[in-house]
Participant: 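So that we are looking at the same thing, I have put the structure below in structure tokens.
When a ligand or atom number is given, it counts from 1 through the structure's own listing order. Just so you know, these numbers come straight off a predicted model, no measurement behind them.
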Amino acid sequence: MSFSIGIVGLPNVGKSTLFKALTKKEVEISPRPFTTINPNIGVVSVPDNRLKKISEIVKPEKITPTTIEFVDIAGLVKEAHKGAGLGNQFLSHIRSCEAIIEVVRVFEDPKVEHVSGKIDPERDIDIINIELLMKDTESCERILKKLKKKRDKKLNTLEKIQQGLFEEKPIREIDLTEEEKAQIKEFQFLTEKPIVYLLNKDSDKINVEEFEKKLPSSLNLNLKLEKEITELTEKESEELELKAELDKIILACYNALNLITFFTIAGGKETKAWTVKAGATCPEAGGVIHSDFEERFIKAEVIPWEKLIEAGDWKRARELGWLKVVGRNYQVQDGDVIEFKI
Ligand SMILES: Nc1nc2c(ncn2[C@@H]2O[C@H](COP(=O)(O)OP(=O)(O)OP(=O)(O)O)[C@@H](O)[C@H]2O)c(=O)[nH]1
Ligand SMILES: [Mg+2]
């Protein structure tokens with residue numbers, strides 16, 4: 001299972017263009033709003049030089065990067081939370097994603113209709129944020145009603161969230177303890193999901209520098225160009241350094257999700273990268289590979305990837321005493337190479 005990122009934004013801002021550039025999948029792209037109705041789903045390899053370096057010494061038959069999933073969702077409009085423009089259905093597609101990348105239109109093009117008239121990234125971000133906030137407010141009220149009847153212990157947390165939403169704070173900005181966060185996980189609130197903004201601009205005519213500084217995490221991309229690179233070969237796009245731009249987006253999403261990567265080498269047959277949430281324990285990481293690795297976990301041997309490279313191979317690393325034997329409570333670190341014992 002891959003972690004999934006929802007591509008969100010107003011209609012006609014370049015969401016499908018981004019999706020196509022990332023996944024190389026053929027999807028419908030057109031200058032008329034609401035081109036995408038059903039979500040497009042695609043899986044993307046997470047670029048990682050460490051995997052390449054590990055493979056250079058392990059020389060496996062197969063190298064498998066880890067992946068994340070992108071979901072290209074229909075455009076949201078004002079009042080979507082009340083169902084405008086099929087809004088409710090689209091919001092439920094966002095609900096099932098773990099993070100959001102919001103595409104914001106900064107390009108001018110008379111051939112591509114702008115649903116709110118003119119270029120104004122700040123206003124557009126507000127429109128989307130308000131819709132997500134309203135939807136969460138509505139969900140929160142509904143949940144509270146049910147919990148009140150049952151006098152559920154989550155009540156206090158939900159009331160705290162309701163208050164925050166009332167002050168127009170996205171849930172990700174409300175100060176919650178780890179316990180409170182765990183309590184609300186099941187509700188999949190929209191404004192709790194981490195968000196990365198992608199400003200889609202194709203010229204420097206419109207200056208958004210000041211505005212950009214206010215955003216917590218933002219990236220720039222000229223999707224018009226990206227669309228063209230999907231028609232180039234891998235090599236050509238590398239030469240144009242455009243691939244690097246797309247890699248940046250993938251990594252920004254990966255980081256926003258607070259994900260880390262560990263590696264396995266399967267006795268030298270296959271080097272493989274895997275994804276877990278930061279803070280995962282060793283058996284939890286094993287569970288990503290196979291449920292047996294979690295349920296029947298006994299111990300694991302672990303080495304940071306750089307140390308393995310320095311040792312030259314697994315056997316030598318063991319001789320040097322660099323393999324650490326860890327138990328159930330070990331927290332996996334980004335870049336660990338792990339061999340599970342079950
Ligand atoms: N000039 C210009 N056009 C762009 C740029 N990015 C995308 N477009 C064009 O904008 C139009 C809309 O792009 P899409 O990717 O279909 O937009 P979308 O956000 O998926 O739209 P919906 O599915 O309708 O919500 C297409 O004609 C694209 O070619 C850009 O950076 N500059
Ligand atoms: Mg689209």
Participant: So does Glu301 pair up with Lys324, basic N to acidic O under 4.0 Å?
Facilitator: no
Participant: Within the side chain of Thr35, is there an N or O that forms a donor-acceptor pair under 3.5 Å with the backbone of Ile29?
Facilitator: no
Participant: Please state which part of Val112 comes within less than 4.0 Å of ligand 1, counting heavy atoms only: side chain, backbone, both or neither.
Facilitator: side chain
Participant: So do Arg142 and Ser139 actually touch side chain to side chain, heavy atoms under 4.5 Å?
Facilitator: yes
Participant: Would you say the side chains of Tyr254 and Asp48 form a donor-acceptor pair under 3.5 Å?
Facilitator: no
Participant: Look at Asp313 together with Lys315 and state whether they make a salt bridge at an N to O cut-off of under 4.0 Å.
Facilitator: no
Participant: Using a 4.0 Å heavy-atom cut-off, which part of Phe107 comes near ligand 1: side chain, backbone, both, or neither?
Facilitator: side chain
Participant: Below 4.0 angstrom from a heavy atom of Pro11, which ligand 1 atoms are there? Numbered from 1 as shown, please.
Facilitator: 25 (O)
Participant: Can any side-chain N or O of Glu173 pair as donor or acceptor with the backbone N or O of Pro170 at less than 3.5 Å?
Facilitator: no
Participant: Is there side-chain contact between Asn12 and Val115, with heavy atoms separated by less than 4.5 Å?
Facilitator: no
Participant: Consider every N or O of Thr35 and every N or O of ligand 1, then say whether any pair is closer than 3.5 Å.
Facilitator: yes
Participant: Is there a heavy atom of Arg32 sitting under 4.0 angstrom from any atom of ligand 1?
Facilitator: yes
Participant: Short list, please: which atoms of ligand 1 are under 4.0 Å from a heavy atom of Gly75?
Facilitator: 25 (O)
Participant: Got a donor-acceptor contact below 3.5 angstrom from the Arg123 side chain to the Lys118 backbone?
Facilitator: yes
Participant: Got an N/O contact under 3.5 Å between Val13 and ligand 1?
Facilitator: yes
Participant: Identify, by atom number and element, the atoms of ligand 1 in contact range of Lys15, meaning under 4.0 Å from any of its heavy atoms.
Facilitator: 15 (O), 17 (O), 18 (P), 19 (O), 20 (O), 21 (O), 22 (P), 25 (O)
Participant: Give the single entry among Ser30, Gly9, Pro31 that approaches atom 12 (C) of ligand 1 most closely by any heavy atom.
Facilitator: Ser30
Participant: Output the list of atoms in ligand 1 that are nearer than 4.0 Å to some heavy atom of Ser16, sorted by atom number.
Facilitator: 15 (O), 18 (P), 20 (O)
Participant: Check this for me: does any side-chain nitrogen of one of Lys135 and Glu138 sit under 4.0 Å from a carboxylate oxygen of the other?
Facilitator: yes
Participant: For residues 189-202, which residue pairs qualify under salt bridge (charged side-chain N to carboxylate O under 4.0 Å, His left out), counting only residues two or more places apart or in two chains?
Facilitator: none
Participant: Is any N or O atom of Gly14, backbone or side chain, closer than 3.5 Å to an N or O atom of ligand 1?
Facilitator: yes
Participant: What protein N/O/S atoms sit under 2.8 Å from the Mg ion (ligand 2), by chain and number?
Facilitator: Ser16 OG, Thr36 OG1
Participant: Tell me which part of Asp109 gets within contact of ligand 1: side chain, backbone, both or neither, using heavy atoms under 4.0 Å.
Facilitator: side chain
Participant: Where does Asn200 meet ligand 1, judged by heavy-atom distances below 4.0 Å: at the side chain, the backbone, both, or neither?
Facilitator: side chain
Participant: Can you name the atoms of ligand 1, numbered from 1 with element, that are less than 4.0 Å from a heavy atom of Pro33?
Facilitator: 24 (O)
Participant: Between Lys154 and Glu186, does at least one N-O distance fall below 4.0 Å, as a salt bridge requires?
Facilitator: yes
Participant: Can any side-chain N or O of Asp334 pair as donor or acceptor with the backbone N or O of Ile260 at less than 3.5 Å?
Facilitator: no
Participant: For the residue pair Leu155 and Lys148, establish whether any side-chain heavy-atom pair is separated by less than 4.5 Å.
Facilitator: yes
Participant: Polar-atom distance check: Thr36 versus ligand 1, any N or O pair below 3.5 Å?
Facilitator: yes
